[in-house]
Number of protein chains: 2
Amino acid sequence: MAINNWLGVQTEVLKRIHDRTWKPGEIIPRETDLAYEFGCARVTVNRALRALADKGVLDRKRKVGTTVALYPTSKATLKIPLIRKEIQDLGTTYNYKLIRQSTNQTPNEKRLLTHFSINDNLIYIEAIHTSDGKPFVIENRFINQKIVPNFKNQQFEENSPNEWLLANIPYTHGEINFAATNCSVDISTLLDINPGDAVFQVERTTFDKEEVITNVLLTYHKDYRLKASL
Amino acid sequence: MAINNWLGVQTEVLKRIHDRTWKPGEIIPRETDLAYEFGCARVTVNRALRALADKGVLDRKRKVGTTVALYPTSKATLKIPLIRKEIQDLGTTYNYKLIRQSTNQTPNEKRLLTHFSINDNLIYIEAIHTSDGKPFVIENRFINQKIVPNFKNQQFEENSPNEWLLANIPYTHGEINFAATNCSVDISTLLDINPGDAVFQVERTTFDKEEVITNVLLTYHKDYRLKASL
DNA sequence: CTTACTATTATGTACATACATAATAGCATA
DNA sequence: TATGCTATTATGTATGTACATAATAGTAAG
């Protein structure tokens with residue numbers, strides 16, 4: 001069986017996993033053996049297997065060898081688009097409206113103290129993003145004032161702070177979590193739903209090395225679903 | 001500047017992106033130029049850049065070249081662990097209990113018709129997974145009966161159907177979505193919460209090529225949060 | 001100006017060779 | 001038996017060379 005490209009190798013490997021020639025938890029043949037069987041270079045096999053390991057299909061360990069993952073770790077890659085793009089991809093008209101903005105805020109919610117220090121000065125922004133004029137998501141955002149030294153010159157009246165931050169403040173890593181909550185009175189008014197309705201919330205925090213850049217709490221419209229593929 | 005391994009190249013590339021030597025949306029030097037600058041092989045540069053492209057940091061196009069992503073597509077990779085593992089990782093005791101099981105069911109909810117045909121025969125399973133004796137997640141699951149021809153011999157009384165499926169029925173792809181909902185009376189009883197409380201739901205469907213294997217609706221305990229890193 | 005064709009470009013990849021390294025197996029010693 | 005050291009193993013990677021290919025730029029013809 002001649003296979004002379006890495007995608008072909010990967011296809012054949014997936015086929016053998018799928019038809020249980022190679023069972024979950026079991027060792028598969030060595031790279032050198034597979035290369036011999038397929039009539040290609042070992043590096044080519046390595047390339048294919050590495051890609052499958054990155055996807056969680058295979059587990060690889062030096063000297064031990066390569067095993068089919070016992071329980072394939074299902075990975076859903078969530079691409080977190082710009083809200084603007086998410087709304088426009090729906091074929092609807094996007095609009096952003098600033099509700100409230102202030103500086104020299106302190107972290108006044110318990111969840112913020114996970115990341116900010118009590119002495120941090122924060123910019124607070126509350127805004128609404130709409131889809132065809134209807135509320136899509138409410139944004140409550142804190143930005144580390146130290147990170148935006150010239151904030152007085154910045155304008156978040158016309159444009160979303162997230163887009164500005166992404167373009168201007170590099171981040172190294174972040175955290176994100178998803179939850180369901182009963183909508184508060186304040187936000188239910190903005191979303192034009194009933195207090196107590198279940199809403200989908202996303203909280204995201206980004207860091208530049210050790211420094212917190214921003215924390216945002218997004219509260220989506222009723223019946224919002226976040227989709228991904230496996 | 002001598003860099004002779006791909007991880008070193010990647011680190012230097014990330015540094016230049018971070019300090020805005022290379023700005024978002026802009027073209028970076030060609031692979032051959034970078035290889036010349038770093039004193040390494042072009043393939044080594046390619047290896048580093050490809051990994052960054054896979055992460056959404058760079059965009060690459062033949063002939064055009066490589067650009068820093070204008071808005072880095074934030075990708076959160078959700079690893080979807082076995083429920084058992086998720087609970088055990090909390091340091092608590094996992095337990096599974098079957099509530100209801102039946103065969104020859106038809107797709108009786110609108111959401112199921114997205115995937116199943118009206119004529120499909122389904123196995124229905126309702127179960128509860130607990131953490132230290134407290135309800136953690138309720139599982140409502142439909143399995144394509146055609147996929148499990150010897151179902152009568154199968155036992156989901158002691159063990160979770162998901163673990164059995166993962167070990168025995170290979171899947172090619174799937175879909176997953178996350179939502180918030182107000183808890184129904186039935187499920188709120190099982191979860192020991194109030195009807196109307198907001199709960200986090202995950203719906204997942206897996207396929208073997210064109211054939212639906214299973215659809216599961218997981219309803220998590222109150223205040224559940226799904227976390228990931230960026 | 002538009003269309004079609006060809007040349008060029010930068011990424012994408014295969015190969016053989018060589019070296020690196022994490023990790024286990026085997027062996028010797030106390 | 002336990003410990004420590006060395007050899008071996010399978011994956012991990014770097015290189016130079018060669019070829020492949022998607023995509024754009026340039027040119028010629030109508």
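Values reported hereafter were calculated over all heavy atoms of this structure, with side chains retained and with hydrogens, waters and symmetry mates removed. Only a predicted model underlies this, so the values are computations on that prediction, with no experimental measurement involved. Chain A is the first sequence line, chain B the second, and so forth, proteins listed ahead of strands; every chain is numbered from 1.
Among the nucleotides dT11(D), dT13(C), dA14(C), the one closest to any side-chain atom of Arg50(B) is dT13(C). Each of dT13(D), dT11(D), dT15(D) was ranked by its minimum atom distance to the side chain of Glu31(A); first place goes to dT11(D). Distances from the side chain of Arg60(B) to the nucleotides dC15(C), dG12(C), dG12(D) place dG12(C) closest.
For the pair Asn5(B) CG and dA18(C) P, the computed distance is 22 Å after rounding to whole Å. For the pair Asp33(B) CG and dT11(C) C1', the computed distance is 13 Å after rounding to whole Å. Rounded to whole Å, the distance from CZ on Arg47(B) to C1' on dG12(D) is 9 Å. Distance Trp6(B) CH2 to dG12(D) C1': 10 Å, rounded to the nearest Å. With rounding to whole Å, Asn46(B) atom CG is found 16 Å from dC15(C) atom P. The CG-C1' distance, from Asp59(A) to dA10(D), rounds to 15 Å in whole Å. Note: CD1 (Ile3(A)) to C1' (dT13(C)) measures 16 Å, nearest angstrom. dG12(D) atom P lies 15 Å from atom CZ of Arg30(A), rounded to whole Å.
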**Request:** Check step by step if ring-ring contact (aromatic ring centres under 6.0 Å, His included) holds for Phe207(B) and His115(B).
**Result:** CA-CA 9 Å; Phe207(B) 303 81; His115(B) 306 303; 5.6 Å; yes
**Asked** Taking it one step at a time, do His129(B) and Phe136(B) satisfy ring-ring contact (aromatic ring centres under 6.0 Å, His included)?
**Response** CA-CA 6 Å; His129(B) 306 256; Phe136(B) 187 79; 8.5 Å; no
**Message:** side chain to side chain donor-acceptor pair (under 3.5 Å) for Arg141(B) and Thr214(B)? Distances and angles first, verdict last.
**Reply:** CA-CA 7 Å; Arg141(B) 183 184 286 275; Thr214(B) 186; 3.0 Å; yes
Polar atoms only, N or O, under 3.5 Å: list the protein pairs with nucleotides 20-24 of chain C and their distances.
| residue | atom | partner | partner atom | Å |
| --- | --- | --- | --- | --- |
| dT21(C) | O4' | Arg62(A) | NH1 | 2.7 |
| dT21(C) | O2 | Arg62(A) | NH1 | 2.8 |

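Within the 4.0 Å cut-off from OP1 or OP2 of dA10(D), not a single side-chain nitrogen or oxygen of Thr66(A) is found.
With no hydrogens or angles considered, no side-chain donor-acceptor pair links His173(A) and Asp208(A) at under 3.5 Å.
Salt bridge present: Asp19(B) and Lys15(B) bring a charged side-chain N and a carboxylate O closer than 4.0 Å. One finds no salt bridge joining Glu31(A) and Arg47(A) here, because no Lys/Arg side-chain nitrogen approaches an Asp/Glu carboxylate oxygen to under 4.0 Å.
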Can you list, pair by pair, the side-chain donor-acceptor contacts under 3.5 Å of residues 218-230 of chain A, counting residues two or more places apart and other chains?
| residue | atom | partner | partner atom | Å |
| --- | --- | --- | --- | --- |
| Thr219(A) | OG1 | Gln201(A) | NE2 | 2.9 |
| Tyr224(A) | OH | Glu86(A) | OE2 | 2.5 |
| Arg225(A) | NH1 | Asn177(B) | OD1 | 2.4 |

